[in-house]
Each structure stands twice: as C-alpha cells, then as structure tokens.
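Everything numeric in this text was worked out from a predicted model, so none of it was measured. Keep in mind that the numbers below use all heavy atoms, side chains included, and drop hydrogens, waters and symmetry copies. Counting convention: from 1, in listed order, for ligands and their atoms alike.
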Amino acid sequence: MVHKITLIPGDGIGPEVTKAATRCIEATGVKIEWEEVIAGLSAQEKTGEVLPENVLKSIKKNKVALKGPIITPIGEGFRSVNVAIRHALDLYACVRPVKYYEGVKSHYKDIDLVIIRESSEDLYAGIEFEEGAPETKSLIAQIEKYSKKKIRPDSGISIKPISKYASERIAEFAFEYAIKFNRKKVTAVTKANIMKFTDGLFLKTARQVAKKYAGRIIFEEALVDNMAMQLVQKPRNFDVLLLPNLYGDIISDLCAGLAGGLGVAPGANIGRDIAVFEAVHGSAPKYKGLNKVNPTAMILSGVLMLRHIKEDRAAERLENAVRQVIATGEAVTYDLKPNPNDPTAVGTKEMADAIIHQL
Ligand code: NAD
C-alpha cells in the first residue's frame, strides 16, 4: 500500500530536518508518496502568500502531514501560520511524548510520559483587547457591571474561554490514547482551585470522562504549579498528562527540557480525522543551511506518524535505529555530544545516514 502524505518542508532548518526525516522514513521500506506544499516565509517569498490555498487543501485530502517548522512573517495578516493551520483543520489535540533516550544529556534517566494539550481554546484563542482602545473601555465597563469588581482603566484584556465540548473531546482523546498505547494513568492538570468556571469546568468534565474508563485507566488530578515542582523532582511518577492550552504549552517545554532538549522532542497535532506531525522546535534561522542541527526531533515525529498510519513495525524499527545511534554517541550532532564544540560531531545529513545504516 502506498500512503499519500502532505509534506511541508518549512523554513530555516526545516528543509534539512524534514529531508533527513523523509529519508529515514523511506528507508524503513514503507511506501509513501509525498505531496510537497510550502507555507510560511518560504511560501511568501515564492508565491506572495504565507498560507497558500493548496496547503490546507492537500492536508484535508491526504489527512496526514509531516511538517517542518515555519516562520510567520510580521504583518502578513496572521499572528501565526501554525495556529492558523491548527484552527482551520480543527487540530484540537497537541500530543508530545517525552522520553529519555540513553546518551542524551538529561538530568533524568527514567522519564517516559506523554503530554496531551488541548489546543483550540483557552487564553490562546486569540481574543484580546488592547489597552486604551474604545472597545476595551466598553468591555471593562460591562465586566465591572456583571462581576462587581474593579478593573484598572489602563488594562489590556485577554479572554480565556474553556468549553465543556472542547474539554470533553480532549479528555476522551487522552483516555483513548492511554488505552491505545498501554498507558496506565491520566493526570488532569489545572488551576481549578482559582479559576473555577474555566479550569474548574475542564476538571469536572475530565472527572466525568474518567468514570467511563474506571478500572482500566487510573485518573489523578494536580494543580499546575505543584505539577511543575513534582515534574522536576520525580517525573517518573507521571504517565499521561492532560492539560488546557496555556499550561500544556509551558509544561511541554519544561518536559522537553527534562528529557534532553528541543533537538529530541517530537510532536503531533491531531483532529477528528486529520493529523499533522512536527518537531517541537522552531526554524532556528541562525543554523539554516549549515547541515548542523539535530534531525532527531523530526525523525521521531516521523515515528509518531508511522504509528498513526498503522505502520507499527516500521515505527518500532526506526525508533530503535535512532535509539542505537544516540546511545553509541558517535554519529550524532553537536548538541548530543558531551561538549558542543566536539570536532567529532556530525551534520544533520550524516546523522540521518547513520540511522539509515542502522536500519
Ligand atoms: P527555535 O526552536 O527555532 O530555536 C531555539 C534554539 O534551540 C536554537 O537556536 C538552537 O540552539 C536550538 N535548537 C532548535 N532546534 C534544534 C535542533 N533541531 N537541533 C539542535 N538545536 C536546536 O526557537 P526560536 O528561536 O524561538 O524560533 C525561531 C523561529 O521558529 C520563530 O520564527 C518561531 O516563530 C518559529 N517557530 C516555529 C514553530 C513551528 O513551526 N511549529 C515552533 C516554534 C518556533
């Protein structure tokens, strides 16, 4: 069977790391027909548009995409092309596995958890009112009237909508994910003791969904500030973390740091029937074209993609090849060497070559 998959090479280091990833994926023997489209700065330079129509069209048609990091040029009508893609395709679940691989510089050797972050609403919904604007003043007046609380007149306002609908579907997603990948526990992370009507609703909904999985998946609750401390002290205690958008963003980066940094952190944005796989890191423009950065995060995003398209055997082989190359510590990029100036560090392409050789 040939899988048709949308490929967005991206900006900055994007083309280098996606090339490394597609070569490794193809080396597993899985047959893929890539449909390449461009978005972001490179698309603007070539077509005048940052998000050409064919990008969403292609992803909607193929249902699966592998995406490099993209840069949103300022003043192009989009605050972020990445967020625009997620919204347009309703990719409401951001999935970030956090796992230690032997040989990676990390404070922890037994971390293996998955972050499931709701990514359609919360403070990131983009509903903001600028300080001093007439509508902001009128909004402040309305809020003061209904809440009977004072807001300083020189305030900016960001709105935090959290719905029952979105909380329910992300909680369902987290539990189904736990079942599918043999995980034992889901921990809902909120600040429900303070934000009772938003985080409180998220938590209440998660509790209801958890009841359906009782006896199969353990459910726990934590406050986000306490979670930050616990993760630093004993990350091994956690399995699947379920979070609203903002906390999910922050805790994801914290966990990426715990497990060895951006060079090895894969991710996926998943909706009802569409999934886009991409590394957590950005386009690191200063390294563009230098054949220097670590392709692992993108290759591991490819591993997640292979599992998604039910090519489990290929996914396992590719992950093992990555694991072995990192553990051996020879054909790895500068960031995986004990000293980043180590002259034996290899380039992006050469690390991919070593992984393919291992396969
Ligand atoms: P970044 O992740 O691009 O880079 C930060 C630093 O992390 C780099 O300077 C580098 O030292 C290190 N790093 C990142 N990827 C690495 C890799 N594969 N191997 C080794 N080291 C690596 O973050 P930034 O500088 O904040 O963002 C740069 C651009 O990327 C911005 O335009 C931002 O908007 C964009 N961005 C895009 C995405 C996305 O498309 N999903 C995500 C984050 C940032």
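Look at E144 and K149 and you find no salt bridge, because none of the NZ, NE, NH1 or NH2 atoms lies under 4.0 Å from a carboxylate O.
For atom 38 (C) of ligand 1, a protein heavy-atom neighbour is present inside the 4.0 Å cut-off. The protein does not reach atom 27 (O) of ligand 1 closely, with no heavy atom under 4.0 angstrom from it. The presence of a protein heavy atom under 4.0 Å from atom 13 (N) of ligand 1 is ruled out. Within 4.0 Å of atom 33 (C) of ligand 1, not a single protein heavy atom is present.
Counting only heavy atoms of the protein, atom 25 (O) of ligand 1 lies nearest to P285 CD, 4.8 Å. Closest to atom 6 (C) of ligand 1, if we only count protein heavy atoms, is L262 CD1, 4.7 Å. Among protein heavy atoms, the minimum distance from atom 41 (N) of ligand 1 is reached at E278 OE1, 3.0 Å. Here the protein heavy atom with the shortest distance to atom 35 (C) of ligand 1 is I70 O, 3.7 Å. Protein heavy atom at the shortest distance from atom 9 (O) of ligand 1 is K286 CE, 3.5 Å. Scanning the protein for heavy atoms near atom 22 (C) of ligand 1, the closest one is Y334 OH, 4.4 Å. The protein heavy atom nearest to atom 8 (C) of ligand 1 is A284 CB, 3.9 Å.
Partners of E172 under the salt bridge (Lys or Arg N to Asp or Glu O under 4.0 Å) rule, at least two apart in sequence or in another chain, are K212.
A donor-acceptor contact shorter than 3.5 Å is absent between the side chain of R117 and the backbone of A93. N269 places no side-chain N or O within 3.5 Å of a backbone atom of L91 that could act as its donor or acceptor partner. A side-chain donor-acceptor contact under 3.5 Å links K337 to the backbone of G329. A distance-only check finds no donor-acceptor pair linking the side chain of D239 to the backbone of V186 [under 3.5 Å]. Panel note: side chain N245, backbone E121; a donor-acceptor pair is recorded below 3.5 Å.
The closest non-hydrogen atom to atom 29 (C) of ligand 1, taken over G10, S283, G282, comes from S283.
Annotation for ligand 1: atoms under 4.0 Å from non-hydrogen atoms of P69 are 39 (C), 40 (O). Listed by atom number, the atoms of ligand 1 under 4.0 Å from Y287 heavy atoms are 9 (O), 10 (C), 11 (O). Atoms of ligand 1 lying under 4.0 Å from at least one heavy atom of I71, given by number and element, are 32 (O). Atoms of ligand 1 found under 4.0 Å from any heavy atom of N82 (numbered from 1 in listed order, with element): 37 (C), 38 (C), 39 (C), 40 (O), 41 (N). Applying the 4.0 Å criterion to heavy atoms of N294 picks out, from ligand 1, the atoms 17 (C), 18 (N), 19 (N), 20 (C).
By the criterion of a heavy-atom distance under 4.0 Å, neither the backbone nor the side chain of M298 is placed next to ligand 1.
The nearest pair of heavy atoms linking S155 to I140 is O-CD1, 4.1 Å.
The distance criterion of under 3.5 Å between nitrogen or oxygen atoms is met by K67 with respect to ligand 1.
Ring geometry for Y287 against Y334 counts as tilted: the plane angle lies between 30° and 60°, on a 0 to 90° scale.
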TODO: Report the C-alpha separation of T344 and E330 in whole Å, then their side-chain angles, then the decisive distance to 0.1 Å, and conclude whether the side chain to side chain contact (heavy atoms under 4.5 Å, CB included) test is met.
DONE: CA-CA 7 Å; T344 67; E330 284 166 10; over 6 Å; no
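The closest approach between a heavy atom of V17 and any atom of ligand 1 is not below 4.0 Å. Ligand 1 lies nowhere less than 4.0 angstrom from a heavy atom belonging to K292.
Applying salt bridge (Lys or Arg N to Asp or Glu O under 4.0 Å) to D90 and the options K60, R272, R169 leaves one that passes, R169.
Between the side chains of D11 and S42, at least one donor N or O lies within less than 3.5 Å of an accepting N or O.
Residues in residues 201-210 take part in these side chain to side chain donor-acceptor pair (under 3.5 Å) pairs, two or more places apart or across chains: R207-E221.
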